[in-house]
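First comes the structure, then the notes that go with it.
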Amino acid sequence: MRQAHVAVISSNFWPEPTGTSQTVWEFTEYLSKQGVPVRVATSMPYYPQWRIWPSYRGRLWQIEHRERIEIRRSWHYVSPRPSTLTRLLHEATLALLAVPNLWSVLRRAEVAYIVSPALSYAFAAMLMARLLAVRRVLVVKDVMPDAAVELGMLRNRLVIALSRFLASCVYRWAHEIHTLGEGMRRRIARDHRLLAKIRIVPDTIDGTELAPVDPGANQFRSRFVPSGTFAVVHTGNMGKKQDLELLLRAARRLKGEGGVHFYVFGDGAVKDEFLARRREWDLGNVSHYPLQERWMVPHMLSGADILLISQLPEVVDIVVPSKLIAALGAGAMVVAACAVDSEAARLIRANDGGVWVPASDDAALVDAIERVRGGAVDVAGCRRRAREFALRAFDRAAVYGPIARQYLRAS
């Protein structure tokens, strides 16, 4: 008799290199390598550029396989300049075109892991899984629609009301809810009164993959950083909640200060606005590059003199940045500019492995840069404590191992 499989349903997935795509892939890959059969329903890759990747254009559906994982993709509308209308079209086409794939992936599944955000996609998956009597686990990476509303990305009252209705159904229909941190857990429980079925399952790291790279072998330093330069690095999605104007304002304050250079590696919805502002302010001390290949990540994280994690003040308990967890795992010297009661600030306080400054405060960020650069911060101690904490709290086998064993025992 064929072993029942695990269905993973996420609008973002491999080969997209950042955020939810990467962490859902890591979860799926881990289950598969432990011998759990996995089938995936997802979209054509489009993130973080907000354009369907060239090699996936011109078709409605596609099936591919990677490391014994079956991946079923569907077309969707996407605009490089997201607005309320284009986001609505994106969500609607995601849900409607995915129906055949959802049916195929969910039939005879033992359990479905349904990832939010992308509420319409999660709603369609939840509804079909419910009709097929498949056990449903909702994986909340961003608390939606709260994140979009609080960041000003969603303003239309009718759309907000519809989004809240979809979210209510998705939360209510789940047998179990997994989220990333205590603040997100409290937020979901407060709004939906579902505390009993919420579990904290954090994003994870592979400690071997993220092992710090010795300075003499560090490809980030040798390729991008001239000798004697103090490198402040931001890498990943260039979206609204990352507050990249903070980096530009800090760079403008340090414009006449030789030796400090800001490096931004990434793509996303605000990239063009970021580059236009850099030109307007004539910031020769800010460089932008595309996202680098995966092997370069530990070189960048451990090679940066400062790894900047920045968030808007409104980002408190709606998300836990996965790149912060990776940065801690790589022993990066993290400076986190975020709300004092945010999940990011809580993680920094929990391990004393970085420096916190208030969200959007460029003067405080410049002061932190000068303190790290001038030796007022125990950099070696911060790096060591950050990595030790991440290995204890976010090791992939420790977090995902019990989940895999649960399905292997049942087979």
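Not measured: the values here are computed from a predicted model.
The side-chain hydrogen bond (donor to acceptor under 3.5 Å, both in side chains) check on Thr204 picks up Arg396, with sequence neighbours excluded. Checked against ring pair (Phe, Tyr, Trp, His ring centres under 6.0 Å), Phe13 has the following partners two or more places apart in sequence or in another chain: Trp25. Remark: Glu70 engages Arg39, Arg72 in a side-chain hydrogen bond (donor to acceptor under 3.5 Å, both in side chains) (not counting sequence neighbours). Partners of His288 according to the ring pair (Phe, Tyr, Trp, His ring centres under 6.0 Å) rule, which considers only residues two or more places apart in sequence or in another chain, do not exist here.
Note: His76 and Tyr46 meet the aromatic proximity criterion, with ring centroids under 6.0 Å apart. A centroid separation of 6.0 Å or more is found between the aromatic rings of Phe224 and Tyr263.
A salt bridge is defined here as a Lys NZ or Arg NE, NH1 or NH2 lying under 4.0 Å from an Asp or Glu carboxylate O, and Arg73 with Glu16 fails to meet this definition. Under the 4.0 Å criterion applied to side-chain N and carboxylate O atoms, Glu273 and Arg277 are not assigned as salt-bridge partners.
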Can you give the donor-acceptor pairs under 3.5 Å from side chains of residues 230-237 to other protein atoms, not counting sequence neighbours?
unit_1: His234; atom_1: NE2; unit_2: Lys323; atom_2: NZ; d: 3.0
unit_1: Asn237; atom_1: OD1; unit_2: Tyr47; atom_2: OH; d: 3.4
unit_1: Asn237; atom_1: ND2; unit_2: Tyr47; atom_2: OH; d: 2.7

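Annotation: side chain to side chain donor-acceptor pair (under 3.5 Å) contacts involving residues 126-138, sequence neighbours excluded, comprise Arg135-Glu176.
The minimum heavy-atom distance between Arg249 and Asp362, with the atom names listed, is NE-OD1, 3.1 Å.
Within the cation-pi definition used here (under 6.0 Å to the ring centroid, within 45° of the axis), Arg253 does not qualify as a partner of Trp281.
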